[in-house]
Amino acid sequence: MNKNIMKITKAEALSKNANRIRQDLITAIYYAKSGHPGGSLSCSDILAVLYFNEMNINPLKPDDKSRDRFVLSKGHSAPALYATLAERGYFSKDDLITLRNIDSVFQGHPDMNKVPGIDMTTGSLGQGLSVANGMAIASKMDKMGYRVYCLIGDGELEEGQIWEAAMTSSKFNLDNLCVIVDCNELQLIGKTEEVKGLNAENIEQKFKSFGFNTKVIDGHNIEEIMQAFENATLTKGKPTAIIAKTVKGKGISFMENNPAWHGKSLNDEEYKKAIEELNNV
Amino acid sequence: MEEKMIATRESFGKAISELKDENIVVLDADLSSATKTDLFQKEYPDRFIEVGISEADMIGTAAGLATCGKIPFASTFAVFATGRVYDQIRSSIAYPKLNVKICGTHAGITVGEDGATHQMLEDINLMRGLPNMVVISPSDDIETRALVKEIAKYQGPVYLRLARMATPVIYANDVKFEIGKAIQLGEGIDATVFATGITVAEALKAQEELIKEGVDIRVVDVHTIKPIDKEMIVKCAKETSILLSVEDHNVIGGLGSAISDVLAEEYPKKLIKLGINDCFGKSGKAEDLIKYFKIDSKSIEETIKEKLYISKKTK
């Protein structure tokens, strides 16, 4: 059988996973009447590849010591992570619509002690990379070999702790660490370029100068994402940072590239239209 | 009281080097020679993690290690270990209830010459206000070593407050220390002095002097500020006429406040709070500063005598 056909099939399957993740997270945010759709939609493809292709995990053993770890440093994209874990089989999808409810395990930001499959509690920006470093160091100390993935928002890179952590990743030669920057070039108040001079190109330069193996990719191209993770795994002696160029609000026309959709829910009409669009992909 | 003097930071450095659990890792932010974690580094270089001058990163790294089963002791000066990284502790350690021990040395005005920027007087307040956090403030060498062992066994976040200044050894080797159980020293009924950290030795000196004048006080070493020993506080409030707290910390939010919280709910009674009166510290010798800020033995002695005199006069 032709290898290319196999690969395309895999990518297509992952694309379908990503589409279902988008539908589920939008539904959850719609029922919650609040939440962060923009940045959740921009990282859905990355999460689909991570959880369905890249990471060594088992939904039946969420606490397995040898599993790969994932840290959602941009914790406000929790709906995307919840939808991904549900899609992967960690828990039933039925409960996702309880997002942000008083009785729900699905907090506004991820809580490792409430939801199976969540490796770290996050929410306050800028802290995830330090945590991921700690995990990657533990993996090396114990010779366990597990890998650690950390998804960071581009706006989040404005937090100084990220760069403290980047020096640590590099100092300890954490080649079992892979950073993914969800580079949608927007933050709550506008363009990252205008707020603090950040764009995909200079983000890559920054990580490179901090000692990372780097790669800028199209964060919605499943094959490019798969390839980037493969290269990261093959890179020895230094950590990898994948700068994934993404579109905030990806997949829903009226949300795409509109910072107004950073942190608000949809009304009935908007929800109907959003699901229709996602169904027609 | 023996005359041997040793700083609790020194005892801490020795104690962590003697811990047997191989899951223990020690993190430093470029102060290991001052916090004495260099003693651990010498013993176990493979389990010593130097992150450089980046305390926020140190706290996050410790959190990550803890999620993988390690028992991290993250150490730097108290001012950087708590205030500088309050949100990192709150979000990445206290809320997820991770098994990290935050060890702040050089707490209080007894840092001395470095002055206000380095004299942490608000750390107890910050740490005891965090859900899930245990706050430990040992007073001497024996107690520090024993409590380091206890907190290593305890599963969950702990803040350990340590001092730069050398203080007398108070306890015998065989004394048992338990997290959350304060230690009563003496049976006096004229007054109770609640002390913690370096002020325990000062309170004991005051006790020695006062007895010569026929005033019999007890000292309570509150080595655990959270969870606080309610039983002991209520017992002493019932048994003694004057209650006094003394601490090398702001009077707002520290030991005195923690005791007041208990008294207000369980046994309303006046508490005199000696401590740093809602101001910043200043440079000087530690032994001069404790006099200047009136947390030394003489100030404790005089406060008690004055109150006893007033209460006798009004009777």
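Below, read A as the first sequence line, B as the second, and so on, with proteins coming before strands; counting in each chain starts at 1. Please read all numbers here as calculations on a predicted model, not as lab measurements.
- Closest non-hydrogen pair, B/Ser91 versus A/Thr121, comes out as O-CG2, 4.2 Å.
- Here the closest heavy-atom approach between residue B/Ser92 and residue A/Met120 is recorded as O-CE, 3.5 Å.
- The number of heavy-atom neighbours closer than 6.0 Å to NZ of A/Lys171, taken from other residues, nucleotides and ligands shown, is above 12.
- Surrounding CD of B/Glu18 are more than 12 heavy atoms belonging to other residues, nucleotides or ligands, all under 6.0 Å away.
- Contact check for A/Asn113 versus B/Tyr95: no side-chain heavy atoms found under the 4.5 Å cut-off.
- Between the CZ atom in B/Arg90 and the CD atom in A/Gln127 there is a gap of 10.0 Å [rounded to 0.5 Å].
- Other residues, nucleotides and ligands contribute only 12 or fewer heavy atoms inside 6.0 Å of the CD atom of B/Glu22.
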Margin query: Between B/Asp57 and A/Met167, does the side chain to side chain contact (heavy atoms under 4.5 Å, CB included) criterion hold? Intermediate values first, please.
Written below: CA-CA 10 Å; B/Asp57 185 41; A/Met167 281 186 262; over 6 Å; no
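- Contacts of residues 59-88 of chain B with chain A at a heavy-atom distance below 4.5 Å involve B/Gly60, B/Thr61, B/Ala63, B/Gly64, B/Leu65, B/Thr67, B/Cys68, B/Lys70, B/Asp87, B/Gln88, listed in sequence order.
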For residues 105-114 of chain B, run the donor-acceptor check on the side chains, cut-off 3.5 Å, and write out each pair with its distance to 0.1 Å, sequence neighbours left out.
unit_1	atom_1	unit_2	atom_2	d
B/Thr110	OG1	B/Asp248	OD2	2.8

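- Taking 4.5 Å as the heavy-atom cut-off, the residues of residues 46-56 of chain B that approach chain A are B/Asp46, B/Arg47, B/Ile49, B/Glu50, B/Val51, B/Ser54, B/Glu55, B/Ala56, ordered by number.
- Contacts between residues 159-166 of chain A and chain B, counted as heavy-atom pairs separated by less than 4.5 Å, involve A/Gln161, A/Glu164, A/Ala165.
- Residue B/Leu27 holds its CG atom at 7.5 Å from CD1 of A/Ile137, rounded to the nearest 0.5 Å.
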